[in-house]
Structures are given as C-alpha cells and as structure tokens.
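To start, the structure itself, in structure tokens.
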Amino acid sequence: MSIDAQANLRTLRDVLRFAVTRFNEAGVFFGHGQADAFDEAAFLVMRSLRLPLDRLDVFLSAYLTHGEINTLLQQIDLRTKRRLPAAYILKEAWLQGLKFYVDERAIVPRSFISELLRDQLQPWVADPDGALDVLDLCTGSGCLAILAAEVFAAARVDAVDLSADALAVAQKNVEDYRLQGRVRLLQSDLFASVAKRRYDLIVCNPPYVPDASMRTLPREYTYEPDLALAGGSDGMMVIRRLLREARGHLKRGGLLVVEVGGERATVEQQFGAIPMTWLTTSAGDDMVFLCRQEELP
C-alpha cells in the first residue's frame, strides 16, 4: 500500500477508480461473480463500506474517513498481490439477490442452476407451490438449498456435502435465513446418508474440473477447497456416480438437474445413451442438463 495513494484518495469515486486501475494492471481473474474490474471494484468497495450495491451513484462523491481508505487499500492489496477472491476478503457473496456468508472452508457461491431455480425450474416442475422434497448434493455453502427453499415455499430440502467444514458454513447461512425447520444439513458421500429417501427434485453442482485443468487454474481458485473443484482425470468422477445412483433416489417423474461447467462434450461422449435436456442459462446451453427419473439408468 503506497503512502501516495493514501494521501491522494478522498472520495468513494477516487478509491473505486484506483481499484479498477490496480485490478487491470495486476491482471486479476474474475470468476467468482463479477464480470470485470469495475464490477469487482464496486463490489469490494461498496460491501466493505456496508453500502447497497445498487446505489453506487448516490455515494460516488461521498468523502471517506482515513480509516475507511486504509481498510480499502489493504483489501485492494489482498486482491491484487495475493489474488484472494473478493468474496473471501469480505466474507460474503451474492447469488440471485441473496447474501451468503462464505470463507475458505467452502467454494464461493456461484451456479447457473441458481438462475433456473429463480424461475422455479419452469416448465419442468409441475407444481412449484406443492410440498416438494428437494435434495441439494454437494451443497457447499448451502446457497442452492436455501434458494430452493425460498422459491419453493412449501418444500423440504436436504443439503448434503462430504465436507464437514463446508457444512459449518452452510449451517451459518441456514440460520441466517431462519430455515432450520425446512433445510436439513447432512454430511454424506452423495446418497449415503439419504439412502431411503426419494425426492421430487435433485440439484447438484458437483466438482467437475479435470486433473489437467486443476493444474492450470487461475490463482484465485487455489484458495477454494480442492474437494469442491476436482473431478478426477476426466472431470466425471462424481457425475458418473451421480448418474448411476440417482434414479433410485427420485420419485416417479422426479427431476435431476446437474451443472457441468464447460464439460458438455465430455458428458455427451460418456453418457450419450442417457436422454438429457440441456437447459438455457445466461452462459448458453452447455452448462446444465436435466434428466427425468424414468430416463436414468
């Protein structure tokens, strides 16, 4: 952190401009919710100051205290020098308008499934107001489980993860949204702890990064748990098990929704015999597929 920067920054606009420049100069990677240096800087500055993200224009000319400027400069250094994701610096991330606590025990909340849940997975879920049984596998911070409970108001949701650390983060989020009575957290290797349950909907954002890609990930991703990212030699280690086991855990007519990142070609090559519907998200038609219970092996 430079003395010159401290001496010359006065307003929120000044710090925002400084952050955008530093992020661009440092070549930081934007893969945790923000699209570019400006969005990342706005998120870091506004949320550090506990200001609403959608009111940036109102505060641009606001003068900051020396303490606020010092804190922001330290955070900008963490982002540029250590490449620490902004969500871990702030201990928060936003998904579909919901705020989630997060730290390095769990992957930063992000999922294209969240876009589909926001729209109640229409037209696939026939009765979104009904008493649905929902399972979120590989729940991490619990973000998809909580979002499912929010959009399906009568649903009961089981949220499963192999990591006890991730479940501790999810527990805080469930408590923050006061959903302890509707979202049940379970430590489990996929279906092991829910062997006798059947669900109307199973969603899963599993680890799917192939080993070769794990070795070349941007530095920002190295702060996230390997368990949440690494999908084995071809990225399909968890997905292979999921497709083999899911039918026995779905009710008749139940739905399985799985996110696979950029691995559609591998999925179709390995599991082409299974009828899949590729769902449209903001990233196109290659990120999330849906299978019906009767179509699964």
Side-chain angles (χ1 to χ4, degrees), residues 1-112 114-115 117-118 140-144 146-147 150 169-170 172-173 175-178 218-221 223-224 282-283:
M1 176 194 338
S2 72
I3 301 296
D4 184 61
Q6 284 178 296
N8 288 284
L9 301 178
R10 293 285 185 268
T11 67
L12 192 148
R13 179 186 280 106
D14 294 337
V15 177
L16 182 66
R17 197 282 309 158
F18 178 77
V20 172
T21 299
R22 288 289 308 278
F23 293 164
N24 283 327
E25 288 176 344
V28 300
F29 186 82
F30 309 108
H32 292 97
Q34 282 64 249
D36 55 29
F38 178 82
D39 286 351
E40 185 90 341
F43 175 61
L44 188 63
V45 170
M46 293 293 282
R47 292 310 301 155
S48 177
L49 296 171
R50 294 297 180 263
L51 297 173
L53 286 169
D54 59 353
R55 305 297 296 276
L56 174 62
D57 290 348
V58 174
F59 296 100
L60 278 175
S61 299
Y63 284 90
L64 304 181
T65 69
H66 291 300
E68 289 171 336
I69 291 172
N70 183 58
T71 296
L72 288 167
L73 289 175
Q74 290 175 350
Q75 292 175 339
I76 292 167
D77 270 358
L78 285 173
R79 188 68 189 91
T80 54
K81 293 180 179 178
R82 288 187 54 198
R83 295 295 201 277
L84 191 65
Y88 287 154
I89 295 172
L90 296 171
K91 298 294 189 287
E92 76 174 51
W94 290 74
L95 195 62
Q96 300 304 321
L98 299 183
K99 184 180 80 169
F100 297 99
Y101 173 84
V102 70
D103 60 36
E104 292 172 52
R105 294 175 294 174
I107 194 171
V108 174
R110 59 187 184 277
S111 174
F112 293 106
S114 69
E115 300 175 13
L117 284 174
R118 176 194 60 199
S141 64
C143 56
L144 291 183
I146 290 167
L147 185 56
E150 291 284 321
V169 174
K172 175 170 175 50
N173 286 316
E175 291 173 356
D176 285 347
Y177 281 94
R178 300 181 181 180
R219 187 177 171 191
E220 281 83 352
Y221 291 106
Y223 291 97
E224 296 185 298
S282 60

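For the numbers below, each heavy atom of this structure counts, side chains included, while hydrogens, waters and symmetry mates do not.
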To the nearest 0.5 Å, what is the distance between OG (Ser48) and CD (Glu68)?
8.0 Å

So, Asn173 side chain and Ser141 main chain: donor-acceptor pair closer than 3.5 Å or not?
yes

Phe59 versus Leu12, closest heavy-atom pair with distance
O-CB, 3.5 Å

Do Arg118 and Glu150 make a side-chain contact, defined as non-hydrogen atoms from C-beta onward lying under 4.5 Å apart?
no

Evaluate His32 against Tyr88 for side-chain contact (heavy atoms from CB on, under 4.5 Å), listing each step before the verdict.
CA-CA 10 Å; His32 292 97; Tyr88 287 154; over 6 Å; no

Could you tell me which non-hydrogen atom of Leu95 sits nearest to which non-hydrogen atom of Cys143, and how far apart they are?
CD2-SG, 3.9 Å

Indicate yes or no: at least one non-hydrogen side-chain atom of Phe43 is less than 4.5 angstrom from one of Leu90.
yes

Report yes if the side chains of Leu56 and Leu16 come closer than 4.5 Å at any heavy-atom pair, otherwise no.
yes

Quick one: closest heavy-atom pair of Ala37 and Phe23, and the distance?
O-CD1, 3.8 Å

Residue pair Leu147 / Gln96, side-chain heavy-atom distance below 4.5 Å
yes

Using a 4.5 Å cut-off on heavy atoms from C-beta on, say whether the side chain of Phe30 contacts that of Asp39.
no

Could you grab the distance from atom OH of Tyr223 to atom CZ of Arg82, nearest 0.5 Å is fine?
4.5 Å

Separation of Thr71 OG1 from Ile89 CD1 (nearest 0.5 Å)
12.0 Å

Gln34 side, atom CD; Leu44 side, atom CG - distance, nearest 0.5 Å:
9.0 Å

Exercise: identify the closest heavy-atom pair between Arg83 and Ala26
NH2-O, 2.5 Å

Any non-hydrogen side-chain atom of Glu104 less than 4.5 Å from a side-chain atom of Leu84?
yes

Under 4.5 Å between any side-chain heavy atoms of Pro109 and Val102, yes or no?
yes

Looking at NZ of Lys172 and NZ of Lys91, how far apart are the two atoms once the value is rounded to the nearest 0.5 Å?
12.0 Å

From Asp54 atom CG to Met46 atom CE, the distance as rounded to the nearest 0.5 Å:
8.0 Å

Taking side chain as C-beta onward, heavy atoms only, is Val45 less than 4.5 Å from Gln75?
no

Chi angles and distances behind the side-chain contact (heavy atoms from CB on, under 4.5 Å) call for Leu9, Leu72
CA-CA 11 Å; Leu9 301 178; Leu72 288 167; over 6 Å; no

